[in-house]
J.: 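Below is a structure I'd like to ask you about.
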Number of protein chains: 2
Amino acid sequence: MSNYRDDQIKHFADVFKALSNHNRLRMFLHLVTCCVPGTVGSFDAETGVSACVGDLGRDLEIVPSTVSHHIKELHRAGLIRMERRGQKIECWVDPVILRGLARFFQEPLK
Amino acid sequence: MSNYRDDQIKHFADVFKALSNHNRLRMFLHLVTCCVPGTVGSFDAETGVSACVGDLGRDLEIVPSTVSHHIKELHRAGLIRMERRGQKIECWVDPVILRGLARFFQEPLK
DNA sequence: TCGATAGTTCGACATATATCGAAATATAAT
DNA sequence: ATTATATTTCGATATATGTCGAACTATCGA
């Protein structure tokens, strides 16, 4: 037996699981702060700040295979979006889910 | 080497871990909706709605030892407060952390 | 003091997770 | 074509987690 509310709870539990790992939360915050929400790629050629997989690993000192694994988790949970740009794969935080999460703690599921 | 920001990230990762389990999130939401925030005990004699460990287990169909285990986790993460009232132990959600979480997604750690 | 009720702790088990390095795949540049 | 760069997949390993039932502890009421 499954209902809408329970599915919603499962969804949020899944999102929180994605954010429950130290490195994953660091990656998420890095993406939130370095990327213009909603801007695909969100690459700043001036400062060199970007959000591709490799940069995340370099900035946060996590090996590529681990970054890849975590990125996949964040994506699976719907927290980030990704798009190939040549060799690189750019990621950015989905602003919609960010608002949804703020709301969750303001007026939790009734 | 550890800094303030990183400690904050660890703290939030810990909070999200507490909310990442389906049953634990259900318990948390149950407490949020059935309890007057900040009211110790938050017991409504009229409706019979309460928030003690046993009631949680009954309402959500989770065996006592599991409820106890999850309550401990929620408490450890600072999400709930508990107070003994005779035989029962009443729990309620800390409204401060609820606001802190809403804020986290509005203006994530810079 | 004894029995009932409420909650915790313990031990066991199955399952999930985080991490790494090596090998594989995809794209771009020469 | 070959090489360099970027990312993913795979396999291994260590560690953490969720759940249960049984045994234990605490508090109340008769």
Side-chain angles (χ1 to χ4, degrees), chain A residues 6 9-10 12-28 30-31 41-43 45 48-77 79-92, chain B residues 6 9-10 12-28 30-31 41-43 45 48-77 79-92:
Chain A
D6 210 58
I9 295 180
K10 282 211 180 76
F12 277 105
D14 209 50
V15 168
F16 295 138
K17 180 166 308 188
L19 297 177
S20 74
N21 175 265
H22 181 221
N23 279 334
R24 224 145 47 208
L25 186 53
R26 284 169 71 220
M27 289 169 59
F28 177 76
H30 193 83
L31 288 175
S42 63
F43 184 85
V49 173
S50 85
C52 75
V53 176
D55 293 328
L56 274 171
R58 225 164 292 118
D59 293 346
L60 304 179
E61 294 185 294
I62 312 172
V63 301
S65 61
T66 302
V67 172
S68 178
H69 171 244
H70 285 322
I71 283 281
K72 205 161 70 178
E73 281 300 294
L74 290 170
H75 183 253
R76 203 185 49 73
L79 282 160
I80 63 172
R81 298 175 168 264
M82 0 185 6
E83 188 169 292
R84 174 143 237 146
R85 293 216 153 185
Q87 288 173 288
K88 303 186 175 186
I89 292 183
E90 301 281 338
C91 324
W92 68 98
Chain B
D6 209 60
I9 295 179
K10 282 210 180 78
F12 277 104
D14 210 50
V15 168
F16 295 138
K17 179 166 311 192
L19 296 177
S20 74
N21 176 264
H22 180 221
N23 279 333
R24 224 145 46 208
L25 186 54
R26 283 169 71 219
M27 291 170 59
F28 178 77
H30 193 83
L31 289 176
S42 62
F43 183 84
V49 173
S50 86
C52 75
V53 175
D55 292 328
L56 274 171
R58 224 164 292 120
D59 293 346
L60 305 177
E61 294 185 295
I62 313 172
V63 301
S65 61
T66 302
V67 173
S68 179
H69 171 243
H70 285 323
I71 284 281
K72 203 161 71 178
E73 281 301 295
L74 290 170
H75 184 253
R76 204 185 48 72
L79 283 160
I80 64 171
R81 298 176 167 263
M82 357 183 13
E83 187 170 292
R84 175 142 233 148
R85 293 213 154 186
Q87 290 171 287
K88 303 188 174 185
I89 292 182
E90 300 283 336
C91 325
W92 67 98

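Since the model is a prediction, treat every value here as computed from it, not as a measurement. Below, read A as the first sequence line, B as the second, and so on, with proteins coming before strands; counting in each chain starts at 1.
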J.: Taking the minimum atom-to-atom distance to the side chain of B:Gln87, which one of C:dA4, D:dT8, C:dT19 wins?
T.: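 So the side chain of B:Gln87 is nearest to C:dA4.
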
J.: Hey, is the side chain of B:His69 poking within less than 4.0 Å of OP1 or OP2 on D:dT17, counting only N and O atoms?
T.: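 Indeed not, no polar side-chain atom of B:His69 lies that close.
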
J.: Can you check the A:Ile71 CD1 to C:dT19 P distance for me, whole Å?
T.: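 Nearest whole value for this atom pair: 13 Å.
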
J.: Report yes if at least one side-chain N or O of B:Lys72 is closer than 4.0 Å to OP1 or OP2 of C:dG7; otherwise report no.
T.: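 No, no such contact exists.
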
J.: What bend angle does the helix from C:dT1-D:dA30 to C:dT30-D:dA1 show across its length, from five-pair end axes and to the nearest 10 degrees?
T.: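 Here the local axes at opposite ends form an angle of 20°.
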
J.: For B:Thr66 and for A:Gly86, find the nucleotide of DNA chain C with the closest heavy atom, then tell me which residue's nucleotide is more 5'.
T.: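 Mapping each residue to its closest nucleotide by heavy atoms, the 5'-most match is B:Thr66.
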
J.: Would you say A:Ile62 and A:Met27 make side-chain contact, with heavy atoms under 4.5 Å?
T.: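 Heavy-atom side-chain distance check passes, below 4.5 Å.
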
J.: Between B:Asn23 and B:His70, is any side-chain donor less than 3.5 angstrom from a side-chain acceptor?
T.: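 The answer is no; no qualifying pair exists.
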
J.: Whole angstroms only, please: what is the CZ-C1' distance between A:Phe16 and D:dT17?
T.: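 Interatomic distance, CZ of A:Phe16 to C1' of D:dT17: 19 Å.
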
J.: Below the 4.0 Å mark, does D:dT19 have OP1 or OP2 next to a side-chain nitrogen or oxygen of B:Asn23?
T.: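 Indeed, a polar side-chain atom of B:Asn23 lies that close.
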
J.: Phosphate oxygens OP1/OP2 of D:dG18: is one of them under 4.0 Å from a side-chain N or O of B:His22?
T.: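 No, because none of the side-chain N or O atoms of B:His22 sits under 4.0 Å from OP1 or OP2 of D:dG18.
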
J.: Round to a whole Å and report the spacing from CE of A:Met82 to P of D:dA6.
T.: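 One finds 16 Å between P of D:dA6 and CE of A:Met82, rounded.
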
J.: Does any N or O in the side chain of B:Arg84 come within less than 3.5 Å of the main-chain N or O of B:Gln87, such that one atom is a donor and the other an acceptor?
T.: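 Looks like yes, one N/O pair under 3.5 Å.
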
J.: Please state how far atom CD in B:Glu61 lies from atom C1' in D:dG18, giving the value in whole angstrom units.
T.: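 It works out to 18 Å between those atoms.
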
J.: Is it true that A:Asp14 and A:Lys10 make a salt bridge, defined as a side-chain N closer than 4.0 Å to a carboxylate O?
T.: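 Looking at A:Lys10 together with A:Asp14, the answer is no, because their closest N to O distance does not fall below 4.0 Å.
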
J.: What is the distance, rounded to the nearest whole Å, between atom CG of B:Leu74 and atom P of D:dG18?
T.: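 In whole Å, D:dG18 P lies 10 Å from B:Leu74 CG.
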
J.: Taking donor-acceptor contacts at under 3.5 Å, does the side chain of B:Ser65 reach the base of D:dG21?
T.: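 Result: at least one qualifying N/O pair found.
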
J.: Please tell me if A:Arg24 has a side-chain N or O lying less than 4.0 Å from either OP1 or OP2 of C:dA18.
T.: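 Affirmative; the distance criterion is met.
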
J.: So does A:Ser65 get a backbone contact from the side chain of A:Ser68, meaning a donor-acceptor N/O pair under 3.5 Å?
T.: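 No, the answer is negative, given that no donor and acceptor are paired below the 3.5 Å cut-off.
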
J.: Which pair of non-hydrogen atoms, one from A:Arg26 and one from A:Leu60, has the smallest distance, and what is that distance?
T.: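 Result for this residue pair: NH2-O, 2.9 Å.
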
J.: Give a yes or no on whether the backbone of A:Ala13 and the side-chain of B:Arg24 come within a donor-acceptor separation of less than 3.5 Å.
T.: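 Such a contact is absent between B:Arg24 side chain and A:Ala13 backbone.
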
J.: From the set C:dG7, D:dT19, C:dT19, return the single nucleotide nearest to any side-chain atom of B:Ile89.
T.: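 Shortest atom-to-atom distance from the side chain points to C:dG7.
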
J.: So, OP1 or OP2 of D:dT17: does either fall under 4.0 Å of a side-chain N or O from B:Lys17?
T.: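 For D:dT17, OP1/OP2 do have a side-chain N/O of B:Lys17 under 4.0 Å.
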
J.: Check the distance between D:dT8's C1' and A:Arg84's CZ and give it to me in whole angstrom.
T.: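 Interatomic distance, CZ of A:Arg84 to C1' of D:dT8: 9 Å.
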
J.: Expressed as a whole number of angstroms, how long is the span from A:Lys88:NZ to C:dA29:P?
T.: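 Result: 11 Å.
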
J.: Quick check: do B:Ile71 and B:Leu56 have side-chain heavy atoms less than 4.5 Å from each other?
T.: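 Yes, at least one pair of side-chain atoms sits under 4.5 Å.
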
J.: OP1 or OP2 of C:dA16 less than 4.0 angstrom from a side-chain nitrogen or oxygen of B:Asn21, does that happen here?
T.: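 For C:dA16, neither OP1 nor OP2 has a side-chain N or O of B:Asn21 closer than 4.0 Å.
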
J.: For B:His75 and C:dG7, give me the distance from atom NE2 to atom C1', rounded to whole Å.
T.: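 It is 15 Å, rounded to the nearest whole Å.
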
